[in-house]
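Order of the sequence lines fixes the chain letters, A, B, ..., with proteins taken first and strands second; residue numbering starts at 1 for each chain.
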Amino acid sequence: MRASQLLMPTLREVPAEAEVVSHQLLLRAGFIRKVAAGIYNILPLGWRVVRKIMQIIREEMDRQGGQEIMMPIVQPAELWQESGRWDVYGPELFRLKDRHGRDFCLAPTHEEIVTALVRQEVNSYRQLPLLLYQIQNKYRDERRPRFGLMRGREFIMKDLYSFDRDEAGLDISYQKMFTAYTRVFQRCGLRFRPVEADSGAIGGNVTHEFMVLAESGEALVVFCPREECGYAANVERAVSPPRREEAVEEARAVQLVSTPSMHTVTQVAAYLGVEPSRIIKTILFQTEKGTVAALVRGDREVNEVKLQRVLGVLRLEMADAEAVEEITGAAPGYAGPVGLKGVEVVADEEVTGMVNAVAGANKNDAHLLNVNPGRDFAPHRVADIRQVRAGDPCPRCGEALQEARGIEVGQIFKLGDKYSRALGAYYLDEYGQSRPIIMGCYGIGVTRTMAAAVEQNHDENGIIWPVPIAPYHVVVVPVNYREEAQAQLAEEVYRELLAAGIEVVLDDRPERAGVKFKDADLVGYPLRITVGARAVETRNLEVRYRATGETQEVPLEGLVSHVQEFIASAVRG
RNA sequence: CGGGAUGUGGCGCAGUUUGGUCAGCGCGCUUGCCUUGGGAGCAAGAGGACGGGGGUUCAAGUCCCCCCAUCCCGACCA
């Protein structure tokens, strides 16, 4: 490709709208352009990257027996009503009506339609297992689209659905996808980690997320530093054995103390001279089933995802000040479990072992001393609702856990029979028994993977593409294209690389060398071959490696094989 | 959804406080000269009617109202 003909509108300045690095660089390097909030054009360079990621995914899906299909984006409401999600999905579902007034939606995911397809076409155990996938646009009207491609309203996703006779079959399909995903992200040249995760609204219990490790990641994960142990989990899901202090004190009588204007754990702890871990923190949440009080030790935080699971609710929000006052009779900051009425009380496991604890008095500017769970209040439920953090012991081996941030680029779920029952996808087994098909679903955010790759691989000059997903592998830069000898040599180099099947751009633009170098760094070609006066003289070409910044002189005769070897070894990983 | 900010040529911005040559600057773009190893220089140009609508006024990017779009933040973890 000649740069003079390539639609590669690079920008010198950072567009004001871009906050995160991947967004800035993809815009500046001319990979994407915004059309509306969370909706983008993908330009030639960007599309090449997307296609490479898609190709790797295809190969790995096919390797596991996946069959590629294509399903519609526009889907009738009836299917979503059958599964119950028309009502549950809420405002994130793009809804529309056709000219006759019939309801449709733009698919945010394809469980309904694929299950409907399979229920029609699959009737016998002989047709199972089945792995169907597609690479398709998805639509989610995000409350707040942000971070460029990271959280868009329209994005490209690979979604595969597995159909098995039973749980044992599902286990095999799930394992296949775990393997496939591991290979996909390895082949993309990304540093990533599979973690145990919460399954959220999609349902099911076993699920892993694949996280590309990057500082800017929205997700927080904890992992065991012991390689042999391997425990890793999203904090939404992570568990750790409870830490209970041994009771060394006699339980004393409850005492009311004044704590004027002390409404945070830190303030109360300092004011009363106690450790935050001796305080019972009481947080009120509102759910569709009513208000709930969650109790955790003062040095802990409530894990809302865990709490949501324990309660089995879909909606969970912290109560506002008004609601807190109504229920506790005091401003926020003074809620406590003792004498609290009209709400379900859920205590974290660690709370039950506390002795002579401090808690809010449900009275302004007052706390209670010597509160003892069991004696002074009885929680309706005791469960693990605390957030695990770095330093907590690993649930498998006890080692101190560490934290990292990640970008979720893939997730694999065991769905079970949720959708097959709702939509009536049954098969006949060899005894003539009708059974629900057991399903799994497996997604990879393709456009998000591109953004994540940039988040993880860049420097102050631009993108540093992992070789397997780089838009082109090589850029040939004549220092002065008007210099006949240089132009000719550059053309020669370009032709040879092309003839060898190498993905190469010839920067034949009538720009000064500095501009071309800057663009080469920005766009992130793994290799840059500079053709200057020296090269004309010596027939040795300067090869520069984007990742390391190192340069090397390579004779023209050996250039093609040199480049080929570099690419091959990088793609092999 | 709530809160905040912004909206002026392709990009980045100034101008709005104190209505009146305000429609401007840098980059990019076009043409010419010159230059050519890290975003050169000179010269001459093209390009916007100031997010949209409605008001106030002799006069509105500048003041008022409504709407739209974009970006950021989001519950006092009690």
For B/C73, does OP1 or OP2 lie under 4.0 Å from any side-chain N or O of A/Arg144?
yes
Enumerate the protein-to-nucleotides 29-32 of chain B contacts in which both atoms are nitrogen or oxygen and the separation is below 3.5 Å.
none

Where the side chain of A/Pro15 is concerned, which of B/C11, B/U36, B/C76 is the nearest nucleotide?
B/C11
In whole Å, measure the gap between the C1' atoms of B/A5 and B/G10 for me.
24 Å
Of the candidates B/C77, B/C13, B/C71, the side chain of A/Ala16 sits closest to B/C13
Restricting to nitrogen or oxygen on both sides, can you table the protein-nucleotides 37-39 of chain B pairs closer than 3.5 Å?
from  : atom 1 : to       : atom 2 : distance (Å)
B/G37 : N1     : A/Glu542 : OE1    : 3.1
B/G37 : N2     : A/Glu542 : OE1    : 2.7
B/G37 : N2     : A/Glu542 : OE2    : 2.5
B/G38 : O6     : A/Arg528 : NH1    : 2.7
B/G38 : O6     : A/Arg528 : NH2    : 3.3
B/G38 : O6     : A/Arg544 : NE     : 3.4
B/G38 : N1     : A/Asp521 : OD2    : 2.9
B/G38 : N2     : A/Asp521 : OD2    : 2.5
B/G39 : O2'    : A/Arg12  : NH1    : 2.4
B/G39 : O6     : A/Arg28  : NH2    : 3.0
B/G39 : N1     : A/Asp519 : OD1    : 3.3
B/G39 : N2     : A/Asp519 : OD1    : 3.2

Salt-bridge criterion met for A/Arg243 and A/Asp392 (N-O under 4.0 Å):
yes
Could you tell me the separation between the CZ atom of A/Arg153 and the C1' atom of B/C71, rounded to a whole number of Å?
13 Å
Would you list the pairs meeting ring-ring contact (aromatic ring centres under 6.0 Å, His included) in which at least one residue belongs to residues 363-392 of chain A, sequence neighbours left out?
A/Tyr334-A/His367
So, does the side chain of A/Glu13 form a donor-acceptor pair with the base of B/G28 at under 3.5 Å?
no
Is a donor-acceptor pair below 3.5 Å formed from side chain A/Arg146 to base B/U70, judging by atom type as modelled?
no
Rounded to whole angstrom, note down the C1' distance from B/C77 over to B/C72.
23 Å
B/S/- contact track for nucleotides 41-46 of chain B, protein heavy atom under 4.0 Å
------
Name the pairs: protein N/O against N/O of nucleotides 48-50 of chain B, kept only if under 3.5 Å.
none

Sequence neighbours left out, what pairs pass side-chain hydrogen bond (donor to acceptor under 3.5 Å, both in side chains) with at least one residue falling in residues 549-559 of chain A?
A/Tyr545-A/Gln552
B/C22 and B/C27: how far apart are their P atoms, nearest whole angstrom?
22 Å
Roughly how many Å apart are B/G28 and B/A23, using the P atom of each and rounding to a whole number?
26 Å
Please give, in whole Å, the distance from B/G2 P to A/Met318 CE?
19 Å
Quote, to the nearest angstrom, the P distance that separates B/G39 from B/C34.
22 Å
